Each structure stands twice: as C-alpha cells, then as structure tokens.
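These numbers come from a predicted model, not from an experiment. Chain A is the first sequence line, chain B the second, and so forth, proteins listed ahead of strands; every chain is numbered from 1.
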Amino acid sequence: MIRTHTAGSLREEHAGQQVTLAGWVARRRDHGGVVFIDLRDASGSAQVVFREEDHAHDLRAEYCVQVVGQVRVRPEGNENPDLPTGSIEVVADRVEVLSESAPLPFPIEGSVGVSEEARLKHRYLDIRRQQVAEAMRTRSKATYLANEVMHELGFVYVETPTLTRSTPEGARDFLVPVRLQPGNWYALPQSPQLFKQLLQVAGLERYYQLAKCYRDEDLRADRQPEFTQIDVEMSFVDQEDVIEVGEALIGRLWKEIAGYEPPAPLPRMTYADAMARFGSDKPDLRFGQELVEMTEYFSGTTFRVFQADYVGAVVMPGGASQTRKELDGWQEWARSRGAKGLAYVLVQEDGTLGGPVAKNLSEQELSGLAAKVGAEPGDAIFFAAGARNASRDLLGAARLEIGRRCDLIDESQWSFLWVVDAPMFEEDGEGGWTAVHHPFTGPKPEWADNFQDHPGEALAYAYDMVCNGMEIGGGSIRIHRAEMQQRVFDVLGISKEEAESKFGFLLEAFKYGPPPHGGIAYGWDRICMLLSGGESIRDVIAFPKTASGFDPLTGAPTPITAGQRKEAGVDAPPRP
RNA sequence: GGUCCUGUAGAGCAGUUUGGAGUGCUCGCCACCCUGUCAAGGUGGAGGUCGCGGGUUCAAGUCCCGUCAGGACCGCCA
C-alpha cells in the first residue's frame, strides 16, 4: 500500500507516529510561512501542516498527493472540536504529487448548489462530494442488509436474463437487435415477472434478486429508464406470508439505517378506503385533511354543479385568507390536471360562508357545511363534483398540494402502510377491461369462482407497500391454475392464440404441477432515496440519466454507423 | 403529445417588470503578500457569442416568434 493510515482515522492515540497518507487536497490555507492542507480520502480528512521550506504553495485543490509526516496533538488552543480529526495534525516531512488536477468545473467542498447537468457531466467529481458519497454508501449498506435478511430467511438468489422476450402489456419495451437472427429482437425485461414464476414451477420455492428493470416511458423524479427492484417470489404462501417477509426486510433497513423501527405489523388500509379517504392508492398519512364525501349531503341541492354522482370536499386550513389571485391559481392548477375547476367556499372569521359557490347553496346547506367537513373559521373548503374516480383523484391531489403549501407534512416522520384489496380490473375506456396489477394476479379467495361475472367489483389478491405517499413495493398472489388464468384472459379480451403466442412458455410450464405462489417487488432506488433523504432517485444512482434519457457523462445515446446498423440487422425484415 | 419554471464569466446568483455601453454580487481561478488557520486573510488581475436562430426598434440580456437544453408536473409508467 502506498499509505499506512487513512486520514479520517487519525486520533490523539496516533501522536508521535510516522504515517504515510494518500488522498486529495480538499482545502488549503496558505499563510506564507505555514500552509495547512486538509487531506481527504474515503475515510474523512485530516489537517497536514507544511512549513515554508516544504514548497507546498503549489498544491491546488483536488491534487492527488501522498504525504509522509508525523502525527502530533495540535498546539494548545488550535484544536477544532467540530472535526473528528480536529485534535491532531500531521506535520509533513515529504509530499509527492501523485497527479495534478485541472481547475474544477464546480466546487467539491462547500455547500453551494450546482446544477444537476453540471454534476452529471462530471459525476466522478460530484461523487467526491460528501453528500453524494454518503448516498452511495447508504445504498451499499442497504444492499448488504437486504441480502442478509433474504439469506437469513432462506431465499435463493437467482439472476434472470436481461436479453429476453418482449412481453405484452405494461410499459414500452427497450429493444435490442439480434445480429445472429436479423429481423428478430430481444427486449430488455420490464421486470423478471415471468421468470420468477417459472422459478416457482422449478421448485426453488423462495427466490429473490436485485434485478435491473427497463421501461421505455417518460421519466420523472422517481423514474429512470433503468432501475432496480428487489424481486421476491415464494411458493405455498398466501398474502400474510409475503407481507411478513416484506415487513422483515423493510423493518431491518429502517432500523439499521434510519434508526427508526416501523410498527409491526404495519397498518393496512383497503384500496377502497384509501381512495375514499385520501383520493389516492398511495396515501401519505403524515397529515390529515381527509376527503369528506358530500354526495348525500348535497343530494337535494339546486346547485347544478353539485348534482353529480359524487361530490367531495377537502379543507385547506387558513385558506380563507388567500388572495383572489391565489384562489384563481387553484383554478388554474385544477385545469392543468384536466379538471374544469375547483369549487370553493371560504369560511370567514365570523363563521359566514363566502366565495362564488356559497351564493348557489341554500340556507340549510350552508348552515351545516363547515361542521360536516370539519372546517374552522378562516379555512377554505375545496369541492370536486362529477365522476367518482376523477373527482377523488382531483381532491387527493389537492390534499397533497394543501399539505405542501400549508407545510402540514412532518418530514421527520415515517408513514408506512399496506394498501390491500385493489380491484382486479379497471375499464379501459373502450368498453373492455384491463388488469390493474398484471394479468397473472389472482383474485381474492372469495372472488375465485365469479370474478369474471363482476369484473368491476372483483378484488385482486394484491398488496402495495406505501411509505410517505410513495409506492415502494407491490405484489400479489399469482394464478397457478390454467383454468383460472383462462378466465382472466377472457375478461381482458386476450384470445387463446394471443395468449399462446405471447406467454405460451409460461402456460406450458403451468402444465407441470405449478405450486400456489406469490411475491412482491420493491423499488430499490426509491427505498434508497428515502433512506438517504434524497429528493430524486437520481441522488442514489451512481450514473443516472436526464429526463430525456441522455447521459451527460458518456453522451449516450449516440447514433450508430451505417456499418453497425447493417450488421445489427436493424432494418432486416422479421424472419418468418 | 401537453403545461409550467429555468438558461447571464469556471460555480451560484442579481439585472428582464419600465429597452439606452456586459452594470453588479458571492465563490472559484491567476500573481504577489502573509507563521496557527480550519468557509483563513490582504492587494492586484484575468475571465462574458447574456443557450441558439429570427423579428420589432435609432437601440434588445430586457419586447415578440421559433428552437435547443435542464428541471417539475399531466398523459404514460401491467
């Protein structure tokens, strides 16, 4: 090794020892006759002292250097209690520049903000910054812990292909041309869903994997084109067994990394409750402002807007004092989400009700309104009326916006829950049905025989884990009988031929004694983001892409040459 | 595909409302001074196609149109 000690590990007990350090020049304080250098390596940093004759004046930020010197306790009065190594310093005997650094594109030390574009272009410098490096280490620690938990629980780690078959439904596939078979294409997996079910047929019984998944959809703060899941599948289990494993995993991660012990078992909420109370299938329980259903209350109203299948309300505390401009802003906000607007009533300090909607309501409707929705003087009440689902979506989004604007969300809190009993199907808008989860999701046992007769009501044997209003995991008990699978395909309008051509290999496997099985997949990037306090999953991905799928560091994606194009068979007609 | 925000020196910003010489701030960079700092300090200096293109105007960083890039959101993401 070209060093004997790490900088961040030096303490008073090392005083008197000769040490060799290697690392980067983090900060320099040049006083002419004496020069201080903070030498940083992966362990932390330590102050190195040079004298005039040591020729340290030419050292610059981020030079990579090796220093030989003696550790000593700092002179009286020069300790820095804010630093772990603040009681000692290394008196340099010799310094060797291992490599120089060009002037930096952005500061590595210090806390000034830097645009993400600049950070990503020089990500290797960005990762030298303490906060980013910490996020990488947190993710690493979480990965070790996850492997530990799954190992203890007897799971078998299996790697599944990333060059595989395009599967229907869900997201758009990334496609890879196949030189050996011009005209035929691999797809990158959106998830190892079918493989993990095959591994159950294979009798491994307990499978897990940290799996890279690829989806060619538009990106968001919590979405990248390639991302990682902890993928889990188990045989001979029901929902309780999968949930138990999930709680063990999440419990260990949060306890060891965030110092927080989630309640065991985690609270559960039905999908129907979540939609009714929070207008969301992933409710953020860190604040109240629950939706209030007002359909019954306004059943006899003469106000045409409220003569609807559903009327609901949500309260904005202190919202009555908003300016006209702010209230108009809510209308604009609602329209940007595809709604006509957001009706509101203002509860004045004297208890009277104001706002344009109030004029349209009867005395009787007005008199009980504040009490019904739980509004206090000074609050604003927002209403949505119309189709049940769309109105609840709007109110749910309004609730979150109220939480943000009114600073109601306690960021130090964790809110975990399971959302269970989601519907199996939803209308596809064209008179048919589509799977809410995926087509291999089984019905709850009570719907096993007749889900096909009531597709709008049938409940899936599925469960989502939600943390702070974010879905961090989701799974289901799968269908393992061909007969039931066929009924699902029938509801979805998938013909026998279509099913055969698209996932015939799974149906074939299911002829050979498939065990009852189920599983779950966790969004590993999102979990690591939460554990490290990041605001975007890009914060916990070493080399992420921008919102347009561009990597500012490598410049990917790039055009290919005509030769590559021909060789890859991009333009070859499909083989018969 | 759509909506919104942002783009000014290596970094972070102000200036754009109300058009008048690239006007400014903090940090960094370069040179010099400085023996106890730890966000060291001092003096001096360099560094700008104001994202790009077009238009209006006597005159555009500023107003208009288009376009590109980044970010947030809607659609989309079984």
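Looking at heavy-atom distances under 4.0 Å, A:R74 makes contact with a base. Residue A:V35 is classed as having no contact, given no heavy-atom separation below 4.0 Å to the nucleic acid. If you check every strand for non-hydrogen atoms under 4.0 Å, A:L83 touches a base. Using a 4.0 Å heavy-atom distance criterion, A:Q47 is classed as a base contact.
Between B:G12 and B:G71, the two P atoms lie 14 Å apart (nearest whole Å). Taking the C1' atoms as reference points, B:A40 lies 15 Å from B:G28, given to the whole Å. Only the P atoms considered, B:C65 is 15 Å distant from B:U18, to the nearest whole Å. Using P as the reference atom, B:U3 and B:U8 are 24 Å apart when rounded to the nearest Å.
A cation-pi contact, defined as under 6.0 Å to the ring centre and within 45° of the axis, links A:R399 to A:F287.
Between A:L553 atom CG and B:A69 atom C1' there is a gap of 17 Å when expressed in whole angstrom units. If you measure from atom CD of A:E535 to atom P of B:G70, you get 20 Å, rounded to the nearest angstrom.
Between the side chains of A:Y207 and A:D231, at least one donor N or O lies within less than 3.5 Å of an accepting N or O.
The CE atom of A:M529 sits 10.0 Å away from atom CD1 of A:I541, with the distance rounded to the nearest 0.5 Å.
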